[in-house]
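Since the structure comes first, as structure tokens, the remarks are kept for the end.
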Amino acid sequence: MTDDELLARFAKNAPDFQAFLPELTAEERHSFCEIARLVHIEGLDWYFTGKKNEYFRFGRKNNGNNTAAHRGALGFFGKKDKGIRFWFNPSIELNLGDDVQFHEFALNGTAVNIAKRVLEMNQDDIAGRLKTDRNGLWPDDYPHLPKKKNRAVLQDTMPENEDIMPADSSSETVNLILYGPPGTGKTYATAAEAVRLCGETVPEGRKELMVAYHRLIRAGRIEFVTFHQSLAYEDFVEGLRPQQGMAGSGTDGEQPAAGFTLVPKDGIFRRIVREALGETEEKEDTFSLAGKRVFKLSMGVAGDHDDAHIFKNAIRDGYAIIGYGEVDFTDPRFASPDAILKAVQDSGVVGDKVLTSASGWVKMPNIFRNQMRIGDIIVVSRGNGLFRAIGQITGDYYFEPLEERPDYAHRRKVRWLWVSPESEPVDRIYAKDFSMATVYQLKRDLINVPALAQYIGRQHDTSPVTPQPYVLIIDEINRANISKVFGELITLLEPDKRLGQPNELQVRLPYSGDLFGVPSNLHIIGTMNTADRSIALLDTALRRRFDFRELMPDPTQLEIVDGIDLPAVLRALNERIEYLFDREHQIGHAYFIKCMARQGSNGIDQVMRDRIIPLLAEYFYEDWDKVAAVLGDATEAEGDYEGGFLNREKLPVPRGLGLEGEGSARYRWRVRTQQEGFDYNRGLLDV
């Protein structure tokens, strides 16, 4: 677990600590993580407290308990004197002497050594008082209180020696499908659900709600898509699309060429995943790779203790540095590699060795001084297979030797965007291992630009920040071929397999070859019309990964309009549909929700004529006897018949069929004309 991942586990549900993290130096952050690991290895717990200026404790606190005895705490971390400190519980005999036991310690290498001594020298005492037969817990392993507002109430009533956990349910990933018959408000309800999942208060009025909803859409926080039978993996995730051919022209640019080539293009789902990961933001305070070159840089020898300070000091003071002698290349004449060659040769640093412009003693300083431009990116290596920092060049070359290593004197000012003392594998951002060269430009076609942008997007303080929630709304999710659209990504939707979760999974996409995972801050809402396709037929893999919330017709949403009792009309229709067909094909209240009169546009008669009756004919496959039964127009009488919505006419036997006088009578059903009108009291409503 890297320092960043570890700090994220502490900051996830501790907003006070999260807000304070950017104030810590790189040394303090790393020292804190080292102490955290030492404690965890001993099987002890880390847990939050609700006390002012005390962020959390380590010791023993069983999962499921909202409190832990003061004696169960071995140590404390909190903010004191405008800095973060840790101290030991005075009630525990640590046997380290007065010079240690009752003092508070700043976060540095000394503090790490003291913590290690405490744990090593007090094994019996710690085991007897604190440990049990289980592994230690991290702060985010504990359950949350049901409501955040209870925190202040509980704090006021808690004994001085007890702790509580802050509540935060917003971090839970939501995969939700709203399902039900047509017209029950499923799509309508997604707006409120999406706004809520984005962390905003849902307005009571529909107009205000839609203002908030469309604002979040414009901000890229909500994406809406409708599934259909022709939708494919290439539309949803990524696919190959034609693009005018590009021919390389060296390392500094590309020139268009004739013809076309197929290039990977993001689909709907991958676009919003990029948004949720912060890869596509182009605001003033975000970073773009456009127009910038990327260089690999070595600072000191990885694993060499004597060189450790070179990297550490460079990160602390905001510069990049390389060796190659004590020749000052500040003079403008050193814009020429030939001038660098002559100066190095004249300095005698290489003895009698004959140099050329391709020699490392010339080439490396030339790249560092002349080819790296302000704004370019540098990736600091740790050996050939790891990288440990990413920065942006912010200043020109200058000469300032290190006191301990005067041969390290060539510097550039750098804004460090990402730092990890534990390092990351090179293959996360580059398609091959680094070479031994001190500094050189990386090939753009081998760079995993989205992955590099993700690291850079964390900005220069690298503190874990709670990401903004994003929502993808998939309307009519059951109308597409789910296995065809989602492909291998169906597994990645599970909350515990999202990025940063205990069972995190990533897959390599088939077209781009990128590693791909789904972030936890992306919520998915689907809608499903049960009349279009039964829920029983839904892809089993999808069913297991989503929660389902049924929305059924709600007659209470309707009123009496022009003397017609719409709630009673809807109940009568649905009771008969459920009896003759099934409950999944009922009619939703939304069909009548805008009816303000009986006649006219959006009038009740128009809805019945143009929407309800055709829908019933579709449900019953043009079996008009059943349609008539639903509308209350069914009759066993022979001959012509006038109903409230349908008229029935007896069909004469066509001449020439030879069927005169044989068999049962046949009838034609037709919808009553506007002049004839509808009679709702004839069969739908009791008179």
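Interatomic distance, Glu234 CD to Leu231 CG, rounded to the nearest 0.5 Å: 10.0 Å. Atom CZ of Arg508 is separated from atom CD of Glu488 by 12.0 Å, given to the nearest 0.5 angstrom. We find the CZ-CD distance between Arg576 and Gln586 to be 13.5 Å, quoted to the nearest 0.5 Å. Between the CG atom of Asn574 and the CE atom of Met552 there is a distance of 7.5 Å, given to the nearest 0.5 Å. The CG atom of Asp235 sits 12.5 Å away from atom CG of Asp266, with the distance rounded to the nearest 0.5 Å. Ile222 contributes atom CD1, which lies 10.5 Å from atom CG of Leu472 (distance to the nearest 0.5 angstrom).
Between the side chain of His589 and the main chain of Gln557, no donor-acceptor pair closer than 3.5 Å is present. Remark: side-chain polar atoms of Arg682 are paired, donor with acceptor, to backbone N or O of Glu642 under 3.5 angstrom. In this structure a side-chain-to-backbone donor-acceptor pair under 3.5 Å is missing from Asp547 to Leu176. Although no hydrogens or angles enter the test, the distance criterion places a donor-acceptor pair under 3.5 Å between the side chain of Thr527 and the main chain of Glu476. When atom types are taken as modelled, the side chain of Arg648 and the backbone of Tyr641 share no donor-acceptor pair closer than 3.5 angstrom. Side-chain atoms of Arg611 never come within 3.5 Å of backbone atoms of Tyr591 as a donor-acceptor pair (strictly under, hydrogens ignored). A donor-acceptor pair under 3.5 Å is absent between the side-chain atoms of Thr173 and the main chain of Pro495, judged by distance alone. Of the possible donor and acceptor atoms, none in the side chain of Arg666 sits under 3.5 Å from a partner among the backbone N and O of Lys650.
Across all non-hydrogen atoms, the minimal contact from Thr184 to Pro553 is CG2-N, 3.5 Å. Residues Tyr213 and Ala194 share a closest heavy-atom pair of CE1-CB, 4.4 Å. Residues Phe645 and Asp679 come closest through the heavy atom pair CE1-O, 4.0 Å. Residues Gly239 and Tyr511 approach most closely at CA-CD1, 3.8 Å, considering heavy atoms. Shortest non-hydrogen contact noted between Arg672 and Asn647 is NH1-OD1, 2.9 Å. In terms of heavy atoms, Ile587 sits closest to Leu570 at O-CD1, 3.3 Å.
Residues meeting the salt bridge (Lys or Arg N to Asp or Glu O under 4.0 Å) test with Lys497, sequence neighbours left out: Glu494.
Dense packing is recorded around CZ of Arg241, with more than 12 heavy atoms of other residues, nucleotides or ligands lying under 6.0 Å away. More than 12 heavy atoms of other residues, nucleotides or ligands lie within 6.0 Å of CD in Glu578, so this atom counts as buried by the packing criterion. By the neighbour-count criterion of 12 heavy atoms within 6.0 Å, atom CD of Gln506 is densely surrounded, having more than that number from other residues, nucleotides or ligands.
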Candidate pair Tyr680 and Asp565, rule side-chain contact (heavy atoms from CB on, under 4.5 Å), full reasoning: CA-CA 9 Å; Tyr680 293 86; Asp565 190 344; over 6 Å; no
Pair Glu238-Ser512, side-chain hydrogen bond (donor to acceptor under 3.5 Å, both in side chains): steps then yes or no: CA-CA 8 Å; Glu238 69 165 16; Ser512 66; 3.0 Å; yes
side-chain hydrogen bond (donor to acceptor under 3.5 Å, both in side chains) evaluation trace for Ser520 with Gln501: CA-CA 8 Å; Ser520 296; Gln501 297 306 309; 3.0 Å; yes
Check against side-chain contact (heavy atoms from CB on, under 4.5 Å), Glu550 and Leu178: CA-CA 6 Å; Glu550 186 178 53; Leu178 306 176; over 6 Å; no
Verdict with supporting geometry, Leu240 and Lys265, side-chain contact (heavy atoms from CB on, under 4.5 Å): CA-CA 6 Å; Leu240 295 177; Lys265 183 178 177 61; over 6 Å; no
Residues Phe269, Leu522; criterion side-chain contact (heavy atoms from CB on, under 4.5 Å); working and verdict: CA-CA 10 Å; Phe269 185 63; Leu522 174 60; 3.9 Å; yes
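For the pair Arg583 and Glu575, the salt-bridge criterion is not met [side-chain N within less than 4.0 Å of a carboxylate O]. A salt bridge is absent between Arg571 and Asp554: the closest approach of a Lys/Arg side-chain nitrogen to an acidic carboxylate oxygen does not fall below 4.0 angstrom. With respect to the salt-bridge test (charged N to carboxylate O, under 4.0 angstrom), the residues Arg270 and Asp514 qualify. With salt bridges taken as basic N to acidic carboxylate O contacts below 4.0 Å, one links Glu193 and Arg549. By the 4.0 Å N-to-carboxylate-O rule, Asp605 lies close enough to Arg598 to be salt-bridged with it. In this structure, Glu676 pairs ionically with Arg670, as a charged nitrogen and a carboxylate oxygen lie closer than 4.0 Å.
Under the 3.5 Å distance criterion, with hydrogens and angles disregarded, no donor-acceptor pair is assigned to the side chains of Arg545 and Asn175. Between the side chains of Asn481 and Tyr233, no donor N or O sits under 3.5 Å from an acceptor N or O. A donor-acceptor contact closer than 3.5 angstrom is absent between the side chains of Thr635 and Asp633.
The shortest side-chain heavy-atom distance between Ile604 and Val561 falls under the 4.5 Å cut-off. A 4.5 Å side-chain heavy-atom check between Tyr179 and Leu551 finds every atom pair outside the cut-off. Under the 4.5 Å side-chain criterion, counting only non-hydrogen atoms from C-beta, Leu631 is in contact with Met608. A 4.5 Å side-chain heavy-atom check between Leu651 and Tyr667 finds every atom pair outside the cut-off. Side-chain contact between Leu566 and Ile560 is absent, with no heavy atoms from C-beta onward closer than 4.5 Å. Here the side chains of Trp624 and Leu646 are in contact, with some heavy-atom distance below 4.5 Å. At a threshold of 4.5 Å between non-hydrogen side-chain atoms, the residues Tyr619 and Leu580 do not count as touching. Side-chain contact between Ile482 and Phe227: present, with at least one pair of heavy atoms (C-beta onward) separated by less than 4.5 Å.
Under the 30°/60° scheme for interplanar angles, the aromatic rings of Phe581 and His585 are found to lie parallel.
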